[in-house]
Amino acid sequence: MCPDATRRPRRGRMTREPNKRLGELAHLSVHGSLTSAEHAELEQILLASPEARDEYFLLLDLEYGLAKLAVEETGLQAISLPEAIVSSLGTRREKKAPPSRHSSYMLAMALALLGFLATAFVYWHSNQEGRVAQDGTQSAAKQEKANPNAVASAPPEMQIMQLAGSRFFGESKIFAPGEVLTLDHDYALVAGSVQLRSRTGAEMIVQAPAIFSVQSAERVMLKMGECSVYAPAGAEGFRVLTPHAEVVDKGTRFSINVHESGEADVEVIEGAAEVFTAEEINQPSHTGLLLEAGEGRVISSLGEIATSNGPQFGQTYKSILPDRVVSFDVSPAGDPHPDQLLAVTVQRGGKSYTYDVDQLIDFDLIHFKVNNNTHNLTTPLLSIDPKEGDDSRRRQEYLDRDHCLCTGILNPGGSSQPLTSDPDIANQDLNRRTPGLAVRFHQPIINGPGPDVVLFDLHVIVHPADGDPFHVSPLLFEPGLKTHTVRKYDISLSDHSSHQLSHFRLYGFDRRVRSVEELCQADHNGGVPHAVPAKVIATGIDLSDLGYPAGAEVRELFIQDAMDDENQVDPVFIGAFPPVPSPISPADPTSTEE
């Protein structure tokens, strides 16, 4: 969290010159080379125009996509890429020989040219899309008025059902469930996974990094990446094309992993599938190789078919998206009480649960100590906190009793090294206490499948899109327990489910807070309206990641910022999920749907 900017620039549409400047500032932001003056300039541009904020997110996608390409080609990482991208490139980098100086120079020139052209395209496309959308809306309204009894349009060929941490490179919008994919358009999924459903009922989960295009409701081209397909009765004949083969469903579940070379691994989990090489497809009358459940093949880049690796069989198939925080409901800006958390939807053990906020398990804030940042409190704009402390629980309740996402206890201290032993939260010398915050839940959390705790973070829109990393540790370490570091949020800044906050106040304390008592008693500056737009993002915490066994009871947790950069985690709400109502049964074998 950064101190607020008090500048109030005029609002209005972006002109050509600010657009160009926004591209320059976005580039400097991603590469961590913004000066203080340039950071303030970027904040002003984003505050002044919603269009600028939309373009800023697109520019971030372009920068990360170009950086990913550079890593693939050279093995050199110029910026901090999202972890999902870096891990997916690790094995491929090991196989590539170091590039020559000439190839590195040519790649750099190509990336520079591509970045320039891509930025220009985004600006042009954004303006064109606005005009087309406006014209399309007016046209549709005219048609509806002229023929109110018109028959509804045909079902879409392919649409998005769910997304999990998904980010697409070079797209002009952020995708949401229910959106229809454009035919014969290459989609580059650079992070996360997405679940698709065709008009015929076939379902497909695509995992990043992947490039694919939808040719029809029965045909998808997978140029690179992993996909899992389920075709129920009525969807037989669904086809997945690869650069050197074609896989035709016969009523089945199968997975395909296409490598950059075009080589593809095909595995049939249930039913059967027919595999054709490119040469066989071009023959007038042809038959393919029929694979049944438990069989797999590798199609080489030369079109040759070989037996797959038996011990690795079945590991790539995904029947559902990962367990995660799926979405959350918040009272809208026009509500008498905006930004109030209402409910959270989470996937646990493959099943979806929606909890009203009152069903979440509350806690007490029992420890709070910062490193150096003294901006440690937010409230709604019109709800001003007393400047002088009153020795009550008022301030700590902003995190553990208050459901408003504009209130929070920000910038807890942290460490670049995760804890391996108990944090010190009771030392008489406050300076020796461990930086971070500790919570004690009102009733034990039962470690169940998937996320057990949800954390909401206030995130300024010019900060890294994936969220501020933080450590979660047991308050009391026991054999088998460990610290878990959250580096990517389930609902990130660029996710359609993130929530744009109303105006709020940011408070700067007159001293470094070292305890909950000092938090409640210390004086602050009275709160300054925060001028930079901010969103609330969210992530789940699975107690299994801390080493707790299934069914274990947990009462206390310790949270620290990972101190990986100058930005720190800003919790505005934490809650624990109640136990699942009954033991989770295996996922329904007839659908990839949650």
Side-chain angles (χ1 to χ4, degrees), residues 26 30 46 50 53-65 68 81-85 159-181 187-196 205-210 320-330 332-333 339 341-347 352 354 405 450-451 453-470 486-502 533-542 567 569-573 594:
V30 169
L46 295 175
R53 295 194 285 273
D54 291 339
E55 290 184 3
Y56 179 74
F57 288 127
L58 296 179
L59 290 167
L60 292 183
D61 272 347
L62 287 170
E63 289 282 355
Y64 281 126
K68 171 180 175 291
L81 287 169
E83 184 181 22
I85 298 177
Q159 66 182 129
I160 295 174
M161 300 304 295
Q162 300 179 70
L163 304 103
S166 305
R167 185 166 65 238
F168 290 84
F169 168 65
E171 297 300 324
S172 60
K173 62 180 178 180
I174 298 173
F175 290 104
E179 294 202 35
V180 178
L181 296 185
Y187 290 96
L189 182 66
V190 298
S193 52
V194 59
Q195 182 186 21
L196 311 175
I205 291 178
V206 183
Q207 297 172 259
I320 55 175
L321 296 186
D323 285 346
R324 67 202 184 281
V325 176
V326 176
S327 63
F328 56 94
D329 297 328
V330 183
D339 304 305
L341 179 65
L342 304 176
V344 182
T345 299
V346 59
Q347 180 178 303
S352 181
T354 297
L405 298 182
V453 177
V454 60
L455 180 145
F456 291 86
D457 177 71
L458 186 155
H459 207 66
V460 177
I461 65 171
V462 295
H463 288 177
D466 286 335
D468 294 318
F470 63 92
V486 176
R487 299 195 179 277
K488 183 175 175 60
Y489 287 57
D490 294 335
I491 298 176
S492 68
L493 193 66
S494 57
D495 195 290
H496 73 282
S497 297
S498 59
H499 171 69
Q500 180 82 41
L501 282 174
S502 304
K535 287 188 173 185
V536 168
I537 60 179
T539 192
I541 299 171
D542 188 343
N567 306 312
V569 63
D570 298 317
V572 292
F573 185 84
E594 293 177 7

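None of these values were measured; they are calculated from a predicted model. Only this structure's heavy atoms are used, side chains among them; waters, hydrogens and symmetry mates stay out.
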Sorted by chain and number, sequence neighbours left out, side-chain contact (heavy atoms from CB on, under 4.5 Å) with Asp323 holds for Gln347, Pro451

inquiry  = One thing to verify: whether Lys535 and Asp457 come together as a salt bridge, which I'm taking to mean a side-chain N less than 4.0 angstrom from a carboxylate O.
reply    = no

Taken to the nearest 0.5 Å, the spacing of Leu321 CG from Met161 CE works out to 10.5 Å

Which of Asp466, Ile174, Asp495 passes side-chain contact (heavy atoms from CB on, under 4.5 Å) with Arg167? Answer is Asp466

Separation between CD1 (Ile205) and CD (Gln162), nearest 0.5 Å, reads 8.0 Å

Could you check whether any side-chain heavy atom of Ser498 comes within less than 4.5 Å of a side-chain heavy atom of Leu493, counting everything from C-beta outward? no

CG (Leu458) and CG (Leu501) are apart, to the nearest 0.5 Å, by 5.0 Å

All heavy atoms of Ser327 vs all of Ile491, minimum pair found to be CA-CD1, 3.7 Å

Is it the case that the side chain of His459 and the backbone of Pro464 share a donor-acceptor pair, with hydrogens and angles ignored and the cut-off at 3.5 Å? yes

For Phe456 and Asp570: C-alpha separation, side-chain torsions, deciding distance, then whether side chain to side chain contact (heavy atoms under 4.5 Å, CB included) applies.
CA-CA 8 Å; Phe456 291 86; Asp570 298 317; over 6 Å; no

Distance col, row Ile160:CD1 vs Tyr187:OH, nearest 0.5 angstrom, shows 7.5 Å

Check your understanding: With no hydrogens and no angle check, is any side-chain donor or acceptor of Asp490 less than 3.5 Å from a backbone partner on Val325?
Key -> yes

Are Val346 and Val326 close enough that some pair of their side-chain heavy atoms sits under 4.5 Å apart? no

* Give a yes or no answer on whether the side chain of Ser502 reaches the backbone of Ala333 with a donor-acceptor pair at less than 3.5 Å. => no

* Under 3.5 Å donor-acceptor, Tyr489 side chain and Leu455 backbone -> no

Residue set satisfying side-chain contact (heavy atoms from CB on, under 4.5 Å) with Thr354, at least two apart, ordered chain then number -> Ala343, Thr345

Nearest heavy-atom contact between Phe175 and Lys173 is CE2-CE, 3.6 Å

Exercise for the section: For the residue pair Phe328 and His499, categorise the inter-ring angle as parallel (less than 30°), tilted (30 to 60°) or perpendicular (more than 60°). Expected result: perpendicular

Across all chains, not counting sequence neighbours, the side-chain contact (heavy atoms from CB on, under 4.5 Å) partners of Pro177 are Leu163, His496

Are the side chain of Glu171 and the backbone of Phe168 linked by a donor-acceptor contact shorter than 3.5 Å? no

